[in-house]
Amino acid sequence: MGELGAKANVADTEALALRLRRHVVRMTHRGNSSHVGSALSMADIMAVLYGRVLRVDPSQPKWPGRDRFILSKGHAGACVYAALAERGFFPVEQLEQHYSNGSVLSGHVSHKGVPGVELSTGSLGHGLGVGGGMAKQLRRLGGNQRVFVVLSDGECDEGSNWEAILFASHHRLDNLVAIIDYNKIQSLASVAETLALEPFADKWTAFGWAVRRVDGHDHAALHAVLDGAPLESGKPTVIIADTTKGKGVSFMEDSVLWHYRSPQGEEYENALAELAGGA
Amino acid sequence: MRDSFIKALTELAEIDPRVVLITGDLGFGVLTDFANNRPDQFINAGVAEQNMTALAAGMALEGARAYTYSIANFTTLRCLEQLRNDVCYHEADVTAVSVGGGFSYGQLGMSHFATEDLAIMRALPNMTVVAPSDPWQALELTRQLHARGGPAYLRLDKDKAGLEPAPASVVLGKVREVRAGADAVIFATGAILGEALAAAETLAAEGAAVRVVDVHTLKPLDVEGVVAIASECGVVVTVEEHNKLGGLGGAIAEACLEGGAKVRSFRRVGLSDLYPTIVGDQKFLRRAYEMDAPAIAAVVRDALKAAG
């Protein structure tokens, strides 16, 4: 296993991403749960954040100097739990309890009883507003912590996000970094067919945010852009990460079906086989 | 009442730098001094109540003591899920303040009537729900709420019950007897307590000694106090400027039944599960919807008759 933390290199975070993918496939298989495609989509982003970028201390989950991370697309909670476990916040074996009777590892991410989770989500359109509040208060207190919020593309349909987007730029919250997992597929159909977001980057620019578009599976590119976050003084940052839903498992990629379907039987075996590797 | 709230909050903000007042672009003239004198503790979130509430939760999770402020339903129903998920589930120190309980903005129409807020706020776990009856009480309860911490809902009326200030008699979470009597009891919440007192006065002239009890804290409800008083009086009437469903009447009924109170008859005064379609000032609408002193007196007479 490679090094995690500020010195993690591309190979390290790529290896972590592979482990996260295996975890989420196992977790959604075992729990017979949905959203494996959404979790695979952002595995590389999560690996780069938890493997390298976030200043966190697993031995002190509430260390005041930590960067804050919020998964606003709470349905992909399996990937957060996997990242926290891999980073050492709790034992990896605990991931087996995901979605099971009596477990605290709910399908949608929850902070209750799970060290390292800042905010419980699941209803879309909450994370950026709360993250903006955290960023505002951290700034008032004179801290240099950053607040990272990962949103889905479909989630950007929620009007509450646009309230938060207005607020963050008006208050010049340059300690707030939004990352959009832009896999172009939402619950029932493509984003373009449902509520078109394009020209997406232009919208954020017009709202006063510093915008970068990046390949959300390219670790070198993610390192480069996230190492430099926030991008501009006086502006909140948004990183629009172009991703593929179900990334890493060929038959799940770019498929609405795998927003809901749980890998079972031969599909499960084939998915794990595709994710085999040295990591 | 809103001026009393701001007075109390201004005092609290001076001694507690964690206090932040966040308005949804309302409070013209009322919040001006606070905004000018304590700019670092004041945010106008704009006409964006979902973000106002999420923002308050985020600030509270980082150590602020946040107060959101707007009219009637805008700090509660408009952002209900932010209150539920972000504030209450996270036990964030946020107090949602509504100006304009019940028919306070009676001429503005249905959108500005707060007539389901108490029931809905009561249903949220971890939420404290407070509706003062007089400005001096709003001042006192703001201080006590601050000492307790959020999540909380503070419902402020435009009207006042008109009782003499007696802050020492106000204890968050405890009912307050404001008129003696043992033939029947009226439990009231908010400024409409004044109508209940007037009804009791009318009934006294008819020979019925009606106790009047101020329920400024709907949650946590003083179950012990309610059950004891209900048992002593036997005839129970609730009065609220709110729908009859799930608010004070519901809370008192639940407490009495579960607590085994010896109640011979029970009546609720409030809106009969409808939306008012006419406008008018607060007192006009109470009369129109049978919630004023004469209407309350009639309900108590009916309850007394039913009890035999």
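Every chain is numbered from 1 and lettered A, B, ... according to where its sequence line falls, protein lines coming before strand lines. The figures that follow rest on heavy atoms only: side chains count, while hydrogens, waters and symmetry mates do not.
Of the two parts of A/L128, neither the backbone nor the side chain holds a non-hydrogen atom closer than 4.5 Å to a non-hydrogen atom of chain B. Within the 4.5 angstrom heavy-atom criterion, only side-chain atoms of A/H171, from C-beta onward, approach chain B. In this structure, chain A has a heavy atom under 4.5 Å from the side chain of B/I43, while its backbone stays farther away.
Annotation: B/Y275, atom OH; neighbour count of heavy atoms from other residues, nucleotides and ligands within 6.0 Å does not exceed 12. A/R139 CZ: more than 12 foreign heavy atoms inside a 6.0 Å radius. Atom CD of A/E198 is surrounded by more than 12 heavy atoms from other residues, nucleotides or ligands within 6.0 Å. The 12-atom threshold is exceeded at CZ of B/R143, counting heavy atoms of other residues, nucleotides or ligands nearer than 6.0 Å. Within 6.0 Å of atom CZ in A/R87, more than 12 heavy atoms from other residues, nucleotides or ligands are found, so the atom counts as buried in its surroundings. No more than 12 heavy-atom neighbours from other residues, nucleotides or ligands sit within 6.0 angstrom of CD on B/E224.
Of all heavy-atom pairs spanning A/S123 and B/N85, the tightest one is CB-ND2, 3.6 Å.
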Could you go step by step and tell me if A/F167 and B/M52 meet the side chain to side chain contact (heavy atoms under 4.5 Å, CB included) rule? CA-CA 9 Å; A/F167 182 86; B/M52 170 176 76; over 6 Å; no
Side chain to side chain contact (heavy atoms under 4.5 Å, CB included) evaluation trace for B/L61 with A/L119: CA-CA 9 Å; B/L61 291 175; A/L119 190 76; 3.9 Å; yes
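Heavy-atom proximity under 4.5 angstrom to chain A picks out B/H90, B/E91 from residues 90-117 of chain B. Using a 4.5 Å heavy-atom cut-off against chain A, no residue of residues 65-76 of chain B qualifies as contacting.
Your options are A/S110, A/S160, A/G132, A/G125, and the one with the most heavy-atom pairs under 4.5 Å with chain B is A/S160.
Side-chain atoms of A/H126 and B/E81 include a donor-acceptor pair closer than 3.5 Å.
Expressed to the nearest 0.5 Å, how far CZ of A/R140 lies from CE of B/M59 amounts to 4.5 Å.
Under a 4.0 Å N-O distance rule, the pair B/E62/A/K136 does not qualify as a salt bridge.
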